Amino acid sequence: MLHMGHALNNVLQDIIIRFKRMQGCNTLWMPGMDHAGIATQNVVEQELAREGLTRHDLTREEFIARVWQWKERYGGVIINQLKRLGCSCDWSRERFTMDEGLSRAVREVFVRLYHDGLIYRGDYVIQWCPRCHTAISDLEVEYKEVNGHLWNVRYPLQDGTGELVVATTRPETMLGDTAVAVNPEDERFRGMVGKQVILPLVNRAIPDIADPYVSMEFGTGALKITPACDPNDFAVAKRHNLPLVKIMDGSAIINENGGPYQGQDRYVCRENIVKDLEDQGYLLGREPYLHNVGQCYRCKTDIEPSVSTQWFVKITPLAKEAIAAVVEGKTRIIPPGWEATYFEWMNNIRDWCISRQIWWGHRIPVWYCGGCGKTIVASVDPAACPDCKGLKLSQDEDVLDTWFSSALWPFSTLGWPDETAALKTFYPTSLLVTGFDILFFWVARMMMMGLYVMKEVPFRDVYLHALVRDENGEKMSKSKGNSIDPLEMIDRFGADAFRFTLAAYTAQGRDVRMSEERIEGHKHFVNKIWNAARFSLMNLDDYPAPAATGAKLITEGASLPERWIIHRLTLVTTEISRQLDEYRFNEAASSLYQFIWHEFCDWYLELMKPTLYGKDQPEKRTAAQANLYQLLSAILKLLHPFMPFVTEEIWQTMDDRRDSIMVSPYPAFDPALVDEEAAREMTLIMGIITAIRNIRGEMEIPPAKKLHVSISAPEDVSRRVISTGSHYITHQANLESLILGNETAEPKGSITGIVGDCRVYVLLEDTIDLAKKRAKIEKELSRVDKDLEQSSKKLANRDFLAKADPRVIEKEQEKSRDLLHRHRILEESLKKFREILTTS
RNA sequence: GGGCGGUUAGCUCAGCUGGGAGAGCGUCGGCCUUACAAGCCGAGGGUCAUAGGUUCGAUCCCUGUACCGCCCACCA
């Protein structure tokens with residue numbers, strides 16, 4: 001029921017909604033609509049089919065009641081499933097798709113368009129589904145490649161002077177031919193134009209006409225014109241005032257115009273026609289031909305282009321406004337790449353066939369007077385004919401295309417045509433989140449209708465998210481059986497992990513390839529958060545939850561890791577806010593992941609452990625607890641839009657008197673908490689710890705073995721930082737001793753790590769393989785030399801020095817100096833090793 | 001036929017205005033260190049599809065080519 005596309009759409013939307021709400025924004029978004037009108041009707045028709053019925057065996061009212069019944073059930077289930085994802089969905093709004101309010105709006109808009117001359121009724125070749133017995137719009141046709149044939153058929157000239165050979169993929173439609181056409185420039189047919197040809201089998205005389213539409217290159221150069229079966233032929237026929245011969249009924253069965261073929265199915269008829277043509281010597285040949293056949297998007301039946309009387313919206317004037325709105329930036333399409341597609345479609349748009357011969361939908365508000373035949377278009381049911389006062393009125397049987405009513409959503413749901421407060425407050429809405437697959441169906445039409453009715457765009461931002469595909473990049477669909485069930489994912493990995501995964505893989509303009517492994521990875525992340533919170537709360541058990549207001553992060557007198565993590569939190573907060581403002585979901589997710597796991601957990605919590613455990617310095621512990629509490633709160637808030645469940649759970653555990661985290665204020669940027677100095681100092685401390693760990697790992701020294709380390713730090717600043725933070729280094733790198741000097745010589749038998757301008761010497765035991773030590777140094781030296789060579793080359797380039805940005809040059813010089821420094825140190829150690837190796 | 005997008009580590013993908021090639025998973029090595037083995041600490045791994053061009057400098061900009069994918073049109 002709930003499929004991936006639904007899940008992605010609702011989750012992305014929910015992330016923005018929660019984020020904006022926490023920021024105190026009073027915005028309205030377009031809810032992800034369960035646009036299941038047609039789909040539901042389909043299901044109901046299938047149900048009926050199992051009972052051996054069609055919808056025509058029921059009355060219209062009975063049928064609609066059944067659809068409602070099904071929709072209620074379906075809708076209710078969907079709502080509950082969305083709740084499990086942490087997304088809210090207002091079923092009362094869903095209901096609105098067919099209720100009285102919308103019905104009023106639909107009629108009102110129809111009438112307005114009609115009176116503005118933008119709706120007309122006319123004959124045109126439309127796409128017709130012979131199974132659903134309804135017109136469908138061009139967009140609803142799905143083309144499928146099929147191996148067909150191209151038949152060449154002789155059409156003899158009436159005067160017996162020759163023949164025309166036409167090529168066709170659909171020989172059965174010749175029953176409806178009313179002309180044969182050639183290109184006026186085509187020399188081959190000079191003299192034939194204007195003559196009559198005999199339509200084989202039917203023996204009807206039809207003219208040979210000239211029209212530039214015919215391509216000289218394709219087929220035989222002669223084209224049969226079947227105006228009732230092909231929109232292009234229809235256009236040609238109009239130009240030449242040709243008659244229309246309709247040869248099929250609504251079920252694609254040949255009608256009385258088909259003579260002996262009457263009553264045959266179109267494909268049966270094709271076989272018979274081909275056979276008869278062959279028998280009578282009219283068939284000149286048949287070649288295999290690969291072409292596309294349109295199918296109904298609902299039932300996959302081959303569609304039958306067929307001339308019929310339908311209602312159309314004259315779309316060009318509406319499209320013009322909708323184009324302008326995007327050009328002028330009144331509505332932003334995100335990612336902007338889709339703008340081109342939008343313009344392309346809008347510029348080449350064709351009139352919109354809005355009538356459907358189905359039963360579920362809004363009836364067209366048009367009545368015909370049985371007395372005088374007048375057409376009445378009205379927003380309220382007319383009681384009598386305004387002309388002849390006759391009472392025998394019948395409403396048009398057709399209903400409107402579902403997208404007609406959907407197009408009114410942004411304002412009809414807010415109460416239009418009444419001037420409600422909601423409408424005044426929330427129109428235009430701030431954001432629409434939807435899949436690009438309905439850019440034309442829905443988004444473009446909402447734009448047009450919104451501008452037409454409200455004289456203002458329906459939304460400021462349109463965020464078009466990607467399609468969800470499976471691991472192999474195939475579009476997920478129930479029929480292919482490759483869909484991953486979101487509910488199963490929730491059961492196995494949790495809603496939070498699933499949500500986070502959806503966000504993490506939603507990069508703009510790319511499809512999402514869903515795989516279980518990724519969700520599992522994020523389940524680990526949720527687990528990490530849970531454990532980090534558990535650890536924090538364990539160390540906060542004697543810390544009273546502060547009053548909701550006034551509690552702040554304390555930098556005054558705070559330790560280095562605290563100053564640093566507060567600094568980082570501040571930066572990450574702005575980063576995430578910006579990323580979400582720009583709908584960069586994957587980046588926001590990545591920022592959170594990196595910060596929480598690799599900064600908060602890996603460094604801050606680890607470094608704070610001694611303080612938090614320490615019973616000897618209770619005042620330090622209390623101060624650390626205050627910050628820990630605030631940091632954890634802030635992290636939960638940042639995370640909340642992505643992981644509503646686990647964050648709320650922890651939030652309430654921290655202080656069960658609190659309101660939901662959902663309504664807590666989102667962390668805001670505080671310039672007072674920026675501390676570049678702390679960042680620099682921590683970078684040095686972390687660098688030294690990492691360097692020591694690196695050496696330990698490379699040399700395969702067991703973690704339990706305590707090391708002797710000495711550090712040479714020429715700069716006073718560095719020395720002070722290391723000195724103050726020495727206990728962090730000792731603890732994290734598991735040291736026995738740490739000696740600090742300004743120009744300490746490399747102790748014998750040690751291995752060197754370089755961090756900035758500092759050298760870190762790790763004393764090794766003699767038992768360690770000397771060759772291994774040497775190999776490590778050599779490896780690093782070659783790496784440094786490679787970089788150094790590249791850098792020197794660059795700096796030796798005059799053009800570079802002359803033309804590059806001075807900041808880039810300065811950076812390069814600094815890099816070069818650093819590399820040279822490293823090179824020297826490594827050379828030195830290597831020299832020493834050679835000496836040891838030769839002496840021993 | 002027209003338009004759009006993709007090609008980056010073994011896999012899946014980030015890389016937003018040209019100056020350091022990155023993440024997750026997987027792999028390898030070491031750890032049951034009192035939040036977490038769903039974990040911790042480290043390591044290895046890429047001619048950024050290809051051929052040119054612009055530039056001091058190109059994964060990034062331009063052009064051509066190859067392969068993959070999507071959308072639109074549907075010349076019978």
Side-chain angles (χ1 to χ4, degrees), chain A residues 138-139 141 143 150-151 166-170 173 181 213-226 229-233 289 291-294 305 335 337-338 340-341 344-345 348 436-437 439-440 467 469 471 473-475 493 497 504-505 507-515 517-518 520-539 579 582 584 586-587 590 593-594 598 601-602 605-606 609 613 689-690 693-704 732-734 787 794 797-805 807-809 811-812 815:
Chain A
D138 298 329
L139 281 173
V141 179
Y143 286 93
L150 196 58
W151 282 274
V166 301
T168 179
T169 53
R170 300 200 56 196
T173 61
Y213 161 70
V214 184
S215 154
M216 300 202 289
E217 286 77 38
F218 191 88
T220 58
L223 169 66
K224 61 192 220 46
I225 299 295
T226 322
C229 292
D230 184 288
N232 295 312
D233 291 8
Y289 185 66
H291 64 140
N292 288 327
V293 171
W338 286 106
T341 313
E344 170 72 16
W345 188 72
N348 299 303
F436 63 77
D437 49 331
L439 178 61
F440 305 140
L467 226 56
R469 297 176 184 280
E471 292 149 288
E474 303 251 335
K475 185 174 171 176
F493 306 112
Y505 289 96
Q508 284 190 7
R510 281 245 322 218
D511 289 343
V512 177
R513 281 200 200 190
M514 189 44 61
S515 80
E517 290 82 58
R518 298 166 184 223
E520 189 172 19
H522 287 121
K523 176 185 159 192
H524 296 172
F525 181 43
V526 177
N527 186 246
K528 184 76 179 176
I529 292 159
W530 179 254
N531 279 309
R534 201 158 62 97
F535 170 76
S536 303
L537 292 171
M538 263 165 60
N539 288 287
Q579 286 157 340
E582 295 172 4
R584 299 183 182 277
N586 61 325
E587 291 180 17
S590 161
Y593 190 95
Q594 165 68 24
H598 299 303
C601 291
D602 287 354
L605 285 183
E606 289 303 324
K609 271 179 182 175
Y613 290 160
I689 293 167
T690 304
R693 282 173 177 170
N694 184 324
I695 291 168
R696 186 194 285 276
E698 291 274 293
M699 295 296 113
E700 290 176 11
I701 306 165
Q732 293 302 308
N734 196 20
D787 290 351
K794 219 175 196 177
N797 186 336
R798 273 189 201 171
D799 287 328
F800 174 71
L801 295 172
K803 294 179 185 175
D805 187 327
R807 280 170 301 186
V808 173
I809 298 172
K811 210 171 144 193
E812 195 62 41
K815 185 176 145 195

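Chain letters run A, B, ... following the sequence lines, proteins first, then strands; residues in each count from 1. Keep in mind that this is a model prediction, so the values were computed, not measured.
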Would you tabulate the nitrogen or oxygen pairs shorter than 3.5 Å linking the protein to nucleotides 55-60 of chain B?
| unit_1 | atom_1 | unit_2 | atom_2 | d |
| --- | --- | --- | --- | --- |
| B:C56 | OP1 | A:Lys803 | NZ | 2.3 |
| B:C56 | O2' | A:Asn797 | ND2 | 3.0 |

Can you tell me how far P in B:C72 sits from the matching atom in B:C56, rounded to whole Å? 45 Å

Is it true that the NZ or CZ of A:Lys528 lies under 6.0 Å from the centre of A:Tyr593's six-membered ring and within 45 degrees of the ring axis?
no

A:Asp805 meets the salt bridge (charged side-chain N to carboxylate O under 4.0 Å, His left out) criterion, sequence neighbours left out, with A:Arg807

When rounded to whole Å, the CG to C1' distance for the pair A:Leu150 and B:C75 reads 10 Å

From CG of A:Asn586 across to P of B:G15 the rounded distance in Å is 6 Å

Protein heavy-atom contacts under 4.0 Å, written 5' to 3' over nucleotides 29-43 of chain B as B (base), S (sugar-phosphate only) or - (none), form the string SS----BB-BSSSSS

Given Watson-Crick and G-U pairs under 3.5 Å, RNA chain B in dot-bracket ([ ] crossing, | other strand) is (((((((..((((.....[..)))).(((((.......))))).....(((((..]....))))))))))))....

For [X], which contact category applies under a 4.0 Å heavy-atom criterion: base, sugar-phosphate, or nothing?
X	answer
A:Thr341	nothing
A:Tyr289	sugar-phosphate
A:Thr168	sugar-phosphate

The side-chain hydrogen bond (donor to acceptor under 3.5 Å, both in side chains) partners of A:Asn348 (sequence neighbours excluded) come to A:Glu344

Sequence neighbours excluded, the answer for ring-ring contact (aromatic ring centres under 6.0 Å, His included) partners of A:His291 is A:Tyr289

Taking for A:Gly521 and for A:Tyr213 the nucleotide of RNA chain B with the nearest heavy atom, the one nearer the 5' end belongs to A:Gly521

